[in-house]
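This report refers to the structure that appears directly beneath it.
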Amino acid sequence: MSLKRVVLSAVLSFFLFFCLTGCETVKEGGEKGKDWDYTVVPTSDIPEDFRKEVDTKKINAFQMTYQEAEYLYLAVGYGEQASGGFNIKVVGLYEKGNTLCLETSLNGPGEDEVVSQKASYPYIVIKTQKSDKEVKFDV
């Protein structure tokens, strides 16, 4: 392979790496963008059409968006869990370039915590200002 092809391959690989990492670069010490304000939405305040869709998908892990009037709703579910006591933490909602990134984590029950042994389906819905930005979920 010629030197020109090796250099071209290296440049293309480098370019693709940075284009495809999206929100992931924050975890690796990169700069995150501007924080966005959001509100965690109680189940009773989720728009009915969106709530019904979430209820049908919650058995499996999912990420969804929904726009209504001036608001954008983002939902993240972690699928069926063997017991109760799970909760979801919003690590951050921020913009990075033309992308809106939502980072969440699932936290399980503590060792000494008494929880229901019935399956649970943890999910979270947040509401923020409407945006035309692409949404990426980092779960």
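Note that the coordinates shown come from a computational prediction; the quantities given were computed from them, not determined experimentally.
For the atom pair NZ (K34) and NZ (K96), the distance works out to 16.0 Å, reported to the nearest 0.5 Å. Rounding to the nearest 0.5 angstrom, the gap separating the NZ atom in K127 from the CG atom in D45 is 7.0 Å. In this structure, CD in E134 is found 5.0 Å from OG1 in T99, a value given to the nearest 0.5 Å. Atom OH of Y121 is separated from atom CG of N60 by 10.0 Å, given to the nearest 0.5 angstrom.
Grouping the Ile, Leu, Val, Met, Phe, Trp and Tyr side chains by contacts below 4.5 angstrom, directly or via other members, places F137 with L100. Hydrophobic clustering (side-chain heavy atoms under 4.5 Å, transitive across Ile, Leu, Val, Met, Phe, Trp, Tyr) keeps V40 apart from I46.
Other residues, nucleotides and ligands contribute more than 12 heavy atoms inside 6.0 Å of the CG atom of D35. More than 12 non-hydrogen atoms from other residues, nucleotides or ligands lie less than 6.0 angstrom from OH of Y66. Heavy-atom neighbours of N98 CG from other residues, nucleotides or ligands within 6.0 Å: above the threshold of 12.
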Taking it one step at a time, do V135 and L74 satisfy side chain to side chain contact (heavy atoms under 4.5 Å, CB included)? CA-CA 9 Å; V135 176; L74 307 172; 3.8 Å; yes

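Taking 4.5 Å as the limit, some side-chain heavy atom of Q117 sits within range of a side-chain heavy atom of V115. Side-chain contact between Q81 and L106 is present, with heavy atoms from C-beta onward closer than 4.5 Å. Annotation: side chain of K52 is not in contact with side chain of D55 (no heavy-atom distance under 4.5 Å). At a threshold of 4.5 Å between non-hydrogen side-chain atoms, the residues T43 and Y123 count as touching. No side-chain heavy atom of V91 sits less than 4.5 Å from a side-chain heavy atom of D138.
The side-chain contact (heavy atoms from CB on, under 4.5 Å) search around A82 returns none, not counting sequence neighbours. Applying the side chain to side chain donor-acceptor pair (under 3.5 Å) rule to E95 yields the partners W36, K133; only residues at least two apart in sequence or on another chain are considered. Every residue meeting the side-chain contact (heavy atoms from CB on, under 4.5 Å) condition with K57, not counting sequence neighbours, appears here in chain and number order: E53, F62, M64.
Among all heavy-atom pairs drawn from A69 and K130, the shortest one is O-CD, 3.2 Å. Closest of all the heavy-atom pairs between S131 and Q67 is O-NE2, 3.4 Å. The two residues S120 and F86 have their closest heavy-atom pair at OG-CD1, 4.0 Å. Closest non-hydrogen pair, P122 versus G79, comes out as CD-O, 3.5 Å. Summarising the geometry of L93 relative to Y38, their closest heavy-atom pair is CD2-CB, 3.7 Å, with the distance given to 0.1 Å.
The side chain to side chain contact (heavy atoms under 4.5 Å, CB included) test with I126 is passed by exactly one of V41, I88, L102: L102.
With hydrogens and angles disregarded, no donor-acceptor distance shorter than 3.5 Å links the side chain of T104 to the backbone of V139.
Ring geometry, F50 versus Y73: the interplanar angle falls from 30° to 60°, so the pair is classed tilted.
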